[in-house]
Structures are given as structure tokens and as C-alpha cells.
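These notes concern the structure reproduced below.
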Amino acid sequence: MGGSNVGSSLFRTKNVEQSIRDTEEPEHALKKSLSALDLTVFGVGVIIGTGIFVLTGQVAKNNAGPAVALAFVAAGVVCALAALCYAEFASTVPVAGSAYTFSYASLGELPAWIIGWDLVLEFALGTAVVAVGWSGYIRSLLDNAGWHLPEYLSGRDGAHGFGFDILAALLVLVLTAILVLGMKLSARITSLVVAIKVAVVLIVIIAGAFFVQSRNYHPFIPPAQPVPAGASLKAPLVQLMFGWAPANFGVMGIFTAASVVFFAFIGFDIVATAAEETRNPQRDVPRGILGSLIICTVLYVAVSVVVTGMQNYTQLSVDAPLADAFKSIGHPWYAGVISFGAAIGLTTVCLILLLGQTRVFFAMSRDGLLPRFFSRVHPRFRTPHRPTILLGVIIAIVAGFTSLSELAELVNIGTLFAFVVVAISVIILRKTRPDLPRAFRTPWVPVVPIVSVCATLWLMLNLPAETWLRFAIWMVIGFAVYFLYGRSHSRLAHPEQPSEPEPAPPIS
């Protein structure tokens, strides 16, 4: 009997009505200030980042050739399927927390904890990785101007074996302060920076189109290369499991490339984390999610077509393919503009990733799975200042001391895992709560969610086995935290206890 009670407590659900009522508690209510345009700008701001400025050359040279455009299309289709599921949930449950909140309402507490724990890792590593990348761009610009940071403040080990990336840490701390001051300020800064970033991407497309040479598109899909004997742990998992996924070129190379360039799309799901701070979430959140994804997919495909047409894929730079493509044709001025745009643009990526993480952390603490101390909002700014400051400081330290290039793939697997959970949750909630008002409905349920799960799992299988191992370790730590703290402190475990400082409505 006791085992049955434990099992049922692990899958207790927090109904949608209770989730929405929690957002109305004065001490835990976020300020509603965002519009559909703000959400679309947030989406574009976080999606257009390191991926398009860096990954295009890497996957074209190593995996797909000029067919990298098809890899962006494939990754975009997978994201679009997931976006349809996110849009339904975000319009039905307009509460901070994104996939965590959605799974709490459909799958139960333990699955919700798992996905929340996963998202905390995803957004934290994403913020740190991008901050380190931003620091590299800024140091390059400073070097060109004759200003040189000491080695020990550049993230590289100095003479005494100490290295701290001061620029990456300062960026995270400044963005933390902006998020504490309010979402509208964040939205205004993001809008300005996104305008600069999109302008740079359009410069690449329009100016580069005049230098495209058709011979660079042949062969459009280079012939497949044989799989190396004795695949290592770093090989895609699907290669280790089945032995039929060539790492380079051919049709399968496009899918391998898609699993890599998927990093360039990460972020549209963060729009859902801002649902609680949106004035009309039922209408505006689906528009923000789908609008930002469509805009970025079109820009990505256009950029990849132009860049592989400007320079043969075998000669593309891995570190800065867009800028170096213009250098190769004798136009270094464009290269400088692109580098500047990339550096400026990465600030919004950090800002919105940090925003997403703090909102998930805030939602988990409001439910009692993390200390309720972190669920109080600032009395003036109405922002979750406590988790924002805590996480901002931690990420600043991590970004300052750690080189996270290999851990960046954890961001991919974390996001893909969230996609799977959201798609499954849509099917379950349609069955368990058909009465809920849905401002946006995912078409062709359950076909679209099932296809989304299958496509997402395929991309996950194309990630290295090493990434799966690290992900499993993080999940084991998460299980330990849940069973030692979260399960016993959950508000659902104590429905009779009042919420602080006002009574919580009874759970139906």
C-alpha cells in the first residue's frame, strides 16, 4: 500500500486552473508587459546567434557540402513540429516555466521535475557558452584596436596557471542586472540589438548574392564517405547502435549536419517561458513562437545558400565562415561588419537564455520543488530577482573559469529532450482535459506530436554517445535532489498548508 502511495505521489499532477491561480498571488505574480512583437523579437534575438555565424562553415565542410541548406530545412521542420505543440500548451497554460509547467499539468510531478532540471542545465550551459564566444569576438575587436587584455583575464592560463575570462563574466552580470530591473527594459534593449543583428544577416544575403558562382554548388550533395573503422565514443549514437550513419556527406550527412545546426535554432521555446509576462498570452505566445521560427529559418537557408555559393565548401572557414567568405573575395570591410554584428548579437542570446532559466527556476520554487525563498518577486520591478541574481552569479563564475566547448552539445540534447516531453504532453492533455479552452490547437493530433517525437529522437541519436553519458549523469544528480528535497517539500504534498504570505487556493 505504501509503495502504491509513493508511486502515485511521483505522478501527481498540478491542474491547469491551480497553475493559473498561482500566478495571481501578489507575492509571486510577475508583471504582464509583453506583446506579440516583443515575443517575436525575443525569439529572433535568441535564435540568431552563434549557430548561423559559426556552424554554417563547419557542417558544410565536414558533413553536408552545399546541401547544408537542406540541413537547416530539416532542423527547421523538426523545430516547427515542436513549435506547434509548444504553441498549444503556451496558449492553454500561460504560466512561467515552459515545458516544466506543461509536463506538470499532464505527465506528473516527477516527469515535470526531470524536464525542469534538464532546462536549468540547458539554459545555464547555453548562457555560459555564448558568453565565452562573445568574449572571444570582443577580444578580437580590442586586439585590432591595439588593446590587449592580460592572458590571465582572457580565460587562458597565464604564467601562474590562473585564467579567468573577465569579459564573459562581466557580460553575464550586466545582463543579470537588466533582467532584475524589468522585462520591458530587457525587451527594449533586445529590440535594438536584434535590429542590428538582422541587418548584418541581410547584408550577408544581399551583398553576398552578387558574388555567388554556380560552380561552387557542384556537387550539391557530395558523395558519402565510409564510416571510419572502430567508431569511438565521440561518434553519433546512431552510428554506434546501428553502424549505418555515415559521418560525412551523402544524404545521411545532411541528417548528421541537421543534428549539429539544430544548435542554431535553440531558443524559440524560451518564448513560452515568458507567457506569464505577456498581456494576451493566448493570442500572442503562439504568434511569437511560430513567427520567430519562420523568420529565422528563412534567413538561415538564405545565408547558407549564399555563403556556399560564394566560396567552395571545401575552403570555408570553420571559425568564422561568413566573415572569411567575404575576405576570400577581397571585401574585408564586410567581414568587419559581420564580426561586429556577431559580437553585438550574442548579447541578446545570453540575455534571453538567462531569462528562460530564471523563469523555470522561479516556477519550480513556486511549486515547492526548490526552496520557496526564490519564488518571491521584487516589490517594485515585479521580477524574480532572487533566482536571477543567484543564477547570474553562478553562470558568471562558470563562464569565467570554464571552457565549455565540448559541453555545448548538452544544450542540444537538453532542448531535444524537452521537445519530446512537450509533444507527448499535448496528446495526454487532449485526452485527460478535452474541456480546456485552447486559443491555439496543434493540428492533426496525435499525428503531428508523434511525428515530432520521432523526428526529435532521430536528431538525438545523431548526437555523440559522450553527450548522452553526460546527460545521464546530470539526470542522476537531479533524481537525488528531487527525492532528498523536492518530493517532500512540494506544495502538492501539503495541500493543507498555506502559501506564503497568503493562503493558497485549495487544489481540486
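Computed from a predicted model, the values in this text were never measured in an experiment. Because only heavy atoms are used, hydrogens play no part in the values below, and waters and symmetry mates are left out as well, while side chains stay in. Throughout, numbering of the chain's residues begins at 1 and tracks the sequence.
- Atom CD1 of residue Ile115 and atom CG of residue Leu110 lie 11.5 Å apart, to the nearest 0.5 angstrom.
- In this structure, the side chain of Thr383 engages the main chain of Val180 through a donor-acceptor pair within 3.5 Å.
- Residues satisfying the ring-ring contact (aromatic ring centres under 6.0 Å, His included) test with Phe123, not counting sequence neighbours, are none.
- Listed by chain and number, the residues in a side-chain hydrogen bond (donor to acceptor under 3.5 Å, both in side chains) with Tyr482 are Glu109 (sequence neighbours excluded).
- Smallest separation of non-hydrogen atoms from Val271 and Leu39: CG2-O, 3.7 Å.
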| task | Take Thr56 and Phe72 through the test side-chain contact (heavy atoms from CB on, under 4.5 Å) and record every step on the way to the result. | result | CA-CA 9 Å; Thr56 305; Phe72 277 112; 3.9 Å; yes
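- The backbone N or O of Trp333 sits nowhere less than 3.5 Å from a side-chain atom of His331 that would complete a donor-acceptor pair.
- For Thr348, the side-chain hydrogen bond (donor to acceptor under 3.5 Å, both in side chains) partners at least two apart in sequence or on another chain are Lys197.
- Using a 30° and 60° split on the angle between ring planes, Phe89 and Phe102 fall in the parallel class, below 30°.
- The side-chain contact (heavy atoms from CB on, under 4.5 Å) test applied to Val78 returns Ala455, Thr456, Leu459, not counting sequence neighbours.
- Phe42 pairs in a side-chain contact (heavy atoms from CB on, under 4.5 Å) with only one of the listed residues (Leu34, Ile47, Leu37), which is Leu34.
- Side-chain atoms of Arg372 come within 3.5 Å of backbone atoms of Arg366 as a donor-acceptor pair (strictly under, hydrogens ignored).
- Minimum heavy-atom separation, Ala60 to Thr308: CB-CG2, 4.2 Å.
- For the atom pair CD1 (Ile413) and OG1 (Thr415), the distance works out to 10.0 Å, reported to the nearest 0.5 Å.
- Minimum interatomic distance between Ala83 and Leu293 (heavy atoms only, all atoms of both residues): CB-CD2, 3.8 Å.
- A donor-acceptor distance shorter than 3.5 angstrom exists from the side chain of Ser328 to the backbone of Ala325, with no hydrogens or angles considered.
- Side-chain atoms of Cys85 and Phe419, non-hydrogen and from C-beta on, never get closer than 4.5 Å to each other.
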| Can Asp118 and Met475 be said to form a side-chain contact (heavy atoms from CB on, under 4.5 Å), step by step? | CA-CA 7 Å; Asp118 160 63; Met475 287 294 108; 3.7 Å; yes
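- Using modelled atom types, no side-chain atom of Trp134 and backbone atom of Cys350 make a donor-acceptor pair closer than 3.5 Å.
- By the 4.5 Å heavy-atom criterion applied to side chains, Val481 and Arg487 are not counted as neighbours.
- Heavy atoms only, all atoms of each residue included: Val303 and Val201 are closest at CG2-CG1, 3.6 Å.
- Here the closest heavy-atom approach between residue Gly45 and residue Val194 is recorded as CA-CG2, 3.3 Å.
- Closest heavy-atom contact between Ala112 and Ser103: CA-OG, 3.2 Å.
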| query | Can you list the steps and then say if Tyr100 with Asp367 is a side-chain hydrogen bond (donor to acceptor under 3.5 Å, both in side chains)? | reply | CA-CA 11 Å; Tyr100 159 75; Asp367 291 332; 2.6 Å; yes
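- Rounding to the nearest 0.5 angstrom, the gap separating the CG atom in Leu171 from the OG1 atom in Thr127 is 9.5 Å.
- Between Phe417 and Val421 the shortest side-chain heavy-atom distance falls below 4.5 Å.
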| message | side-chain contact (heavy atoms from CB on, under 4.5 Å) for Phe265 and Thr297? Distances and angles first, verdict last. | response | CA-CA 8 Å; Phe265 287 92; Thr297 301; 3.3 Å; yes
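- Just one residue in the list Val174, Leu181, Thr176 forms a side-chain contact (heavy atoms from CB on, under 4.5 Å) with Ile178, and that residue is Val174.
- With sequence neighbours excluded, no residue forms a salt bridge (charged side-chain N to carboxylate O under 4.0 Å, His left out) with Asp284.
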| request: Step by step, work out the side-chain contact (heavy atoms from CB on, under 4.5 Å) result for Val198 and Ile295. | output: CA-CA 10 Å; Val198 171; Ile295 290 170; over 6 Å; no
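- Two residues are said to be in side-chain contact when any heavy atoms from C-beta on lie closer than 4.5 Å; Ser98 and Tyr86 meet this criterion.
- Salt bridge present: Lys14 and Asp22 bring a charged side-chain N and a carboxylate O closer than 4.0 Å.
- Considering CG of Leu461 and OG1 of Thr256, their distance stands at 11.5 Å, rounded to 0.5 Å.
- The side-chain hydrogen bond (donor to acceptor under 3.5 Å, both in side chains) search around Ser135 returns Arg139, Asp165, not counting sequence neighbours.
- Between Phe483 and Ser488 the shortest side-chain heavy-atom distance does not fall below 4.5 Å.
- To the nearest 0.5 Å, atoms CE (Met310) and CZ (Phe326) are separated by 4.0 Å.
- Shown here are the side-chain hydrogen bond (donor to acceptor under 3.5 Å, both in side chains) partners of Gln311, two or more places apart in sequence or in another chain: there are none.
- In terms of the side-chain contact (heavy atoms from CB on, under 4.5 Å) criterion, residue partners of Ala323 (sequence neighbours excluded) are, by chain and number, Ala320, Ala335, Ile338, Ser339.
- For residues 37-46, the pairs satisfying salt bridge (Lys or Arg N to Asp or Glu O under 4.0 Å) are Asp38-Lys184, with sequence neighbours left out.
- A distance of 8.5 Å separates CD of Gln315 from NZ of Lys61, quoted to the nearest 0.5 Å.
- Ala396 pairs by the side-chain contact (heavy atoms from CB on, under 4.5 Å) definition with Ala169, Val172, Leu173, not counting sequence neighbours.
- With sequence neighbours left out, Lys327 forms a salt bridge (charged side-chain N to carboxylate O under 4.0 Å, His left out) with Asp324.
- Between Thr347 and Ile189 there is no side-chain heavy-atom pair separated by less than 4.5 Å.
- Judged by distance alone, the side chain of Trp113 and the main-chain N or O of Met364 form no donor-acceptor pair under 3.5 Å.
- By the side-chain contact (heavy atoms from CB on, under 4.5 Å) test, Leu30 is found to be paired with Ala96, Glu276, Glu277, Phe362, Val377, Pro384, residues two or more places apart in sequence or in another chain being considered.
- Side-chain atoms of Thr278 come within 3.5 Å of backbone atoms of Ala274 as a donor-acceptor pair (strictly under, hydrogens ignored).
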